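Report on the following structure.
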Amino acid sequence: MEQVHFYHALKVVDEVCIGCTHCMNVCPTAAIRVKNGTADINKNACVDCGECLQACPVNAIIVEQDDFTQIFNYKQRVALLPTVLLGQFPDDVSEVQIYNEIKDLGFTHVYEVDGAVDVLIDSTKKFMHKHHQERPFISSFCPAIVRLIQVKFPALVDNIIQLKPVIDISAQFYRKKLQDKGYAQEEIGIFYVTPCAAKIAAVKSPVGEQKSLIDGVINMDFIYNKVLLSIKNSKKETKKYPENIHMSRRSIGWTLTTGEASRYSGRCLAIDEIHNVIEVLEKLENEEITDVDFLELRACDHSCAGGVLATENRFLAIERLRKRAAWYHRNKPMIMPEREIDLYKTYLQENIGIDKVEPRSILSLDSDMMVAMKKMKKINRIMKVLPRIDCGACGAPRCQALAEDVVQGKAKMTQCVFLQKMLTKEGLISPQESFDISEDTWGKSRFEKKNLNDH
Amino acid sequence: MEFKFTIEGGNFSKAGSASSEVKKILKQLNVNPKIIKRTVVSLYEAEVNVVAHAFEGNMNVDIDTDKIVVKIEDKGPGIPDIDQAMQEGYSTATPQVREMGFGAGMGLPNIKRNSDQMNITSKVDVGTEVEIINYLG
Ligand SMILES: Nc1ncnc2c1ncn2[C@@H]1O[C@H](COP(=O)(O)OP(=O)(O)OP(=O)(O)O)[C@@H](O)[C@H]1O
Ligand code: SF4
Ligand SMILES: [Mg+2]
């Protein structure tokens, strides 16, 4: 049977899930089925995009996180922040306060990962120049997209740029910096504050790297609530912006749409929202789109501002970040002091490469083509008797998906409510059998006797 | 296994849908991604040629464990001089077709590059048949 190798932070809380099929219908890789009245996510097909979480009407899908107190297992505790975090807070909250509060939570260092963009931009330009015959290049930025390509577009894995994203570069920078200060490897704990489930998966089951450089992940909404609560309670007045840090517009814009695409020459496309990305990848795979140099592809609508752990409305967050970038730009020091990360640039660029991304297609019906052909014929035969209305009442998102599940031994044809009725009418299954099948899919409680006159 | 898809002449917004269907099938049959890509690229070019140059057509796909044979046949003006049509840059595409981004005269040569065997037969004022064979071994 299928082996499970992949860590996913998205979890269905069975006690809360009402098995409503909303998540099943939006999943871009058809990874969800309803069984026993609750949603069940296929770990091999899930790409951690979080569409299911967004679609859930009862908040039954959560992003599992590490225990916060684990940070205290380390002497040096580094909080790596995505710049989108700074866009979540109300306008009257200052950056200085946010940094201070995060330190008060127990961190010894706070660093915004997008401060490392210049290292990456430089290496990306070199990479694209050196491998120019392999264009178009796809950014490795969004882990959900990297996984989507692995499972659905195996022919495109070689187009993914083999360079670390900024969070890994920043982690490497901080680890090295602290080691140079005399701290031992095991004294240093590096934690990423994540806007999404995909980045958690990237830390727990990295692609293209043996081991992640990050020791743990903290959900952005958790940090947001903690920080905002202490700020509301303290009322300390501070300046809005810190005095000793400068964030470039490149850094602040990096996680927003066009953050990457606007940095490279040639024909660069920026595409956000996973269904839009799928549409373009289809065309790219057919070579219907050629003559493109660089593709910035992000799973979330409006990129990381739309991450599943963002608390603020994405349009408001983007507006704040743009304002922030403009402020830093206006107040740019006349002479830029050398930034610490620049001292490590050579070291970071020497270690910036990742391995080739391996395909792991979920589409193939069998590794043996003969068997796959037999299965396909069977699926086509089953499709002839299914109603093709994709009602989802069988617990699969489409009739085609049920047919595939049946052939793979994961479902029974009689799960189809139309077939059930027909078979019952012809006396081939008893009404009780039909009832039992529905109970297996939708759970016993769905069929408890209810009285129309009950209030 | 055999599959058949129809191709609508003149409808560029739908051009590529038959090749996409074939792509899905080949992925399900666990065909090597590199061979899928070659096949789909050549089918796409042949499909667009029907859309751009002919009235209507069919794509007939026959998949075996050792090879994929696809015949794209159309009713249309036909090709008077196949050798000439095969040359890179040769195109009779109308200005309207060029405006849509087609008509560089690269389609047929691209099919040749992306297939193990390619055969064209054509009758002027009747139609054209392009056969594309890719081996799976
Ligand atoms: N199915 C067809 N029916 C009629 N004529 C065709 C057909 N396919 C190709 N031709 C002729 O052969 C020429 C060359 O075809 P080819 O596909 O190489 O280039 P194109 O279609 O003109 O441009 P491109 O494919 O680069 O967009 C066409 O311009 C057309 O005159
Ligand atoms: S777009 Fe950003 S927030 Fe959304 S999944 Fe990708 S990396 Fe995460
Ligand atoms: Mg052509």
Side-chain angles (χ1 to χ4, degrees), chain A residues 29-30 45 134 136 148-160 267 278-292 356-383 398 400-401 403-405 407-408, chain B residues 1-5 12-49 51-52 59 61-68 100-102 104 106-107 109-111 113-115 134-137:
Chain A
T29 60
E134 282 158 40
L148 176 74
I149 294 173
Q150 285 184 292
V151 302
K152 256 180 104 113
F153 300 94
L156 295 173
V157 288
D158 292 343
N159 297 75
I160 299 172
R267 200 160 164 221
I278 290 173
E279 197 180 316
V280 169
L281 290 174
E282 292 280 356
K283 289 187 183 297
L284 209 63
E285 202 180 34
N286 299 0
E287 296 195 6
E288 284 176 54
I289 303 179
T290 51
D291 196 28
V292 178
K356 267 201 183 311
V357 174
E358 293 298 329
R360 49 179 182 88
S361 173
I362 51 164
L363 304 163
S364 92
L365 295 170
D366 203 285
S367 52
D368 179 339
M369 193 174 161
M370 277 290 268
V371 181
M373 279 167 88
K374 278 203 188 109
K375 287 182 176 173
M376 186 176 279
K377 281 184 191 149
K378 223 167 147 188
I379 290 169
N380 292 342
R381 273 204 306 275
I382 295 174
M383 282 306 285
R398 278 176 294 283
Q400 176 79 28
E404 288 174 20
D405 287 356
V407 167
Q408 301 292 20
Chain B
M1 289 184 85
E2 289 172 27
F3 301 88
K4 185 176 181 147
F5 305 94
F12 282 95
S13 66
K14 267 199 178 161
S17 49
S19 343
S20 278
E21 288 301 318
V22 178
K23 179 175 75 179
K24 255 186 235 156
I25 293 168
L26 297 178
K27 280 184 179 180
Q28 288 193 306
L29 295 179
N30 199 38
V31 173
N32 174 328
K34 299 234 155 61
I35 298 176
I36 296 184
K37 194 157 180 194
R38 273 165 63 76
T39 308
V40 172
V41 168
S42 55
L43 297 190
Y44 174 70
E45 291 291 1
E47 186 178 352
V48 173
N49 276 354
V51 176
M59 184 182 285
V61 185
D62 190 356
I63 306 170
D64 223 322
T65 43
D66 62 335
K67 63 179 189 292
I68 308 165
M100 320 247 343
F102 303 98
M106 295 302 289
N110 211 9
I111 297 176
R113 251 197 311 281
N114 283 293
S115 57
N134 273 348
Y135 293 97
L136 300 177

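Everything numeric here is computed off the predicted structure, so don't read it as measured data.
Of all the heavy atoms in A:M373 and B:D64, the pair that sits closest is CE-CA, 4.1 Å. Shortest non-hydrogen contact noted between B:F3 and A:N380 is CE2-ND2, 4.0 Å. What you find for A:A155 and B:K37 is that their closest heavy atoms are CB-CD, 4.3 Å. Residues A:N286 and B:S20 share a closest heavy-atom pair of ND2-OG, 3.0 Å.
For B:I25, the parts lying under 4.5 angstrom from a heavy atom of chain A are both the backbone and the side chain. In this structure, no portion of B:F102 lies under 4.5 Å from any heavy atom of chain A. When heavy atoms are compared at a cutoff of 4.5 Å, B:L29 approaches chain A by way of both its backbone and its side chain. Heavy atoms of B:K27 lying under 4.5 Å from chain A belong to its backbone as well as its side chain. For a residue to count as touching a neighbouring chain, one of its non-hydrogen atoms must lie under 4.5 Å from one of that chain's; by this rule A:K152 touches chain B with the backbone only. Contact of B:L26 with chain A is not made at all, since no heavy-atom distance falls under 4.5 Å. There is no contact between B:V48 and chain A, counting heavy-atom distances below 4.5 Å.
Applying the side-chain contact (heavy atoms from CB on, under 4.5 Å) rule to A:I379 yields the partners A:L365, A:M383, A:Q400, A:A403, A:E404, A:V407; only residues at least two apart in sequence or on another chain are considered. With sequence neighbours left out, B:N32 forms a side-chain contact (heavy atoms from CB on, under 4.5 Å) with B:K34, B:I35.
Other residues, nucleotides and ligands contribute over 12 non-hydrogen atoms within 6.0 Å of the CZ atom of A:R360. Sparse packing is recorded around CD of A:E279, with 12 or fewer heavy atoms of other residues, nucleotides or ligands lying under 6.0 Å away.
In terms of modelled atom types and a separation under 3.5 Å, the side chain of B:K23 and the main chain of A:E282 share a donor-acceptor contact. With hydrogens and angles disregarded, no donor-acceptor distance shorter than 3.5 Å links the side chain of B:K24 to the backbone of A:L363. Side chain of B:N30 to main chain of A:S367: a donor-acceptor pair is present (N/O by atom type, distance under 3.5 Å, no hydrogens or angles).
Under the 4.5 Å side-chain criterion, counting only non-hydrogen atoms from C-beta, B:Y44 is not in contact with A:E287.
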